[in-house]
Visitor: 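This is the structure I want to talk about, given as structure tokens.
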Amino acid sequence: MSCFYRALLGLLLVVVVSCGPAAPDPLEAIPDPKTLDESYVSDPDRVLRPATVQLLNSQLRALDQSGRAHIDVVVTRSIGEAVPKTTATALFNRWKIGDAEKDNGLLLLLVLDQRRVEFETGYGLEADLPDIICFRIQQQIMLPLLRDKRYDEALTQGVQALMVHLAASAAVPDSSRVATSSPAPESRAVAPDGATLTPHDRWVGLGTFCALGSFFLCMLAIGLSPNDHRSFTFLWLGLVPVGLVGLLNLLHPTIDDNASLYAIIALSYLLPCGYLHWTVLQLNRRYAAQPAALSRRERYTYLERQHSSVQTFFRVLFFPVGMLVYWLWHWRRMHQLRAAPYACSNCSGGTMHRLSEKQDDALLKPGQAAEEKTRSIDYDVFQCTQCHQTLVIDYKNLGTTVKPCPQCQYLTLEAQEPTVELAATTSATGWGWKQSRCAHCQHQTKKVRYTIARKSSSSSSSGSSSSSGGSSSSSSGGSSGGGGSGSSW
Ligand SMILES: [Zn+2]
Ligand SMILES: [Zn+2]
């Protein structure tokens, strides 16, 4: 074809397009789904796949027949210069969507060239689908898909979210539900907002729950790990479940799967739990690698330092399954380290057995007995059954506040109850004396003056405010109250 003909053809095309019949009213170009063989989807430009239209029709028919709501879906490539919101209201009112009495209609309009989605709700649905919920469904579920031009998924998932909401709010025992079924919808009250949760809300909630829970449990597990094997760099473990929540939600915005939900919650617990068990394993590996020359007392003290009773208590409380078994085994090991008989160093073949606490008092020096009394040192006394040679082993109480006495050198200097010379008031500090006394030689330290902090003036005021939101609306049979929401993508 020559250049000339091509130019002529182009010119002809321009003429035909510009002189063609004037564009019809965009509203006229959109057929009412009701006129399309009992359909709920109006897709004059055939944007959607036939399977999608079929799926939406069957879902929306079931919803309509249940009497809960009547949702019409409209997809159009263009409505010219018309405003989508105005168009949605106009179509809603022209088609009279929904039951005349319940006014439970909803129009979902998609305008592709203006990249706009509109929900237009009837008065009867505004309580169950407040604008904020409509907006959230659009923003969180539909828009990401619409931006990818995945119109079929955007609509099926959007409609799915709407149906989940409607089902959830129907399950809420609410006086408004009575009004719905009665022929007098005028008395309808607005349902409390937040009564329903989208899958997205659930995942946001789960994310927050996991973030707080796993961070707390990680802090706890690290705090409970043996002193020599503690590392706060492992706090990142607490972020793993949160990351998983975010990732899953990103990949499947509408996921509503309890199994993965519970798996993530379990992981929030199992990761810190695993960390703690791992550090305990590390400790026992290091303990096994200790030089063989180490005395039983040294081994005992080493282990005791890594297993304070407070730590052990909380280990068993929060991570009971493994830690209880470990604790029982550890307790037996500690008992053997302390109480197992020694071979006598004085005679050959003699065995030294541990005496009872009562028996050993007679063999301890008065200072040692005072130390036992103040619980600063616990003495184990072993005696040979043959030659009666004794062996005294001291076990210092790692948590003691008793100090060494400057006079007799025993660990028997105890702080006395401080005296109050001037009591503190809310406006002024007070003062008193502090003093320590030796439980063995009765030596007393010099009095030390101390300050008593001012009493805090507790002036708390409590106020309660309650707000109740509610409004009633009358319906005029399938007309839109201007409710709904719109979003651009
Ligand atoms: Zn002996
Ligand atoms: Zn003393």
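Counting starts at 1 for both ligands and their atoms, in listed order. We're numbering straight along the sequence, starting at 1. Here the structure is a predicted model, which means the values were calculated and not measured.
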Visitor: What is the minimum heavy-atom distance between Gly432 and Ile452, and which atoms define it?
Guide: N-CD1, 4.4 Å
Visitor: If you round to 10 degrees, what value do you get for the angle at the Zn ion (ligand 2) between Cys408 atom SG and Cys438 atom SG?
Guide: 110°
Visitor: Would you give the angle at the Zn ion (ligand 2) between Cys441 atom SG and Cys405 atom SG, to the nearest 10°?
Guide: 110°
Visitor: Where does the angle between the aromatic ring planes of Trp278 and Phe234 fall among parallel (under 30°), tilted (30 to 60°) and perpendicular (over 60°)?
Guide: tilted
Visitor: For the rings on Trp236 and Phe215, is their centre-to-centre separation under 6.0 Å?
Guide: no
Visitor: Is the Lys NZ or Arg CZ of Arg354 less than 6.0 Å from the centre of Tyr342's six-membered ring, within 45° of the axis?
Guide: no
Visitor: If the Zn ion (ligand 1) is the vertex, what is the angle to SG of Cys384 and SG of Cys347, rounded to 10 degrees?
Guide: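 Value, to the nearest 10 degrees: 110°.
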Visitor: Mind checking whether the Zn ion (ligand 2) has an N, O or S of His440 under 2.8 Å?
Guide: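 Looking at His440, which is the residue asked about, there is no N, O or S atom under 2.8 Å from the Zn ion (ligand 2).
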Visitor: For a side-chain hydrogen bond (donor to acceptor under 3.5 Å, both in side chains) with His307, tell me which candidate from Tyr326, Trp327, Trp331 qualifies.
Guide: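 Of the listed residues Tyr326, Trp327, Trp331, the side-chain hydrogen bond (donor to acceptor under 3.5 Å, both in side chains) partner of His307 is Tyr326.
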Visitor: Taking 2.8 Å as the cut-off, does Cys387 contribute an N, O or S atom near the Zn ion (ligand 1), distance below it?
Guide: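 Yes - counting backbone and side chain alike, Cys387 has an N, O or S atom under 2.8 Å.
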Visitor: Would one find an N, O or S atom of His443, in either backbone or side chain, under 2.8 Å from the Zn ion (ligand 2)?
Guide: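 So His443 does not count as coordinating the Zn ion (ligand 2).
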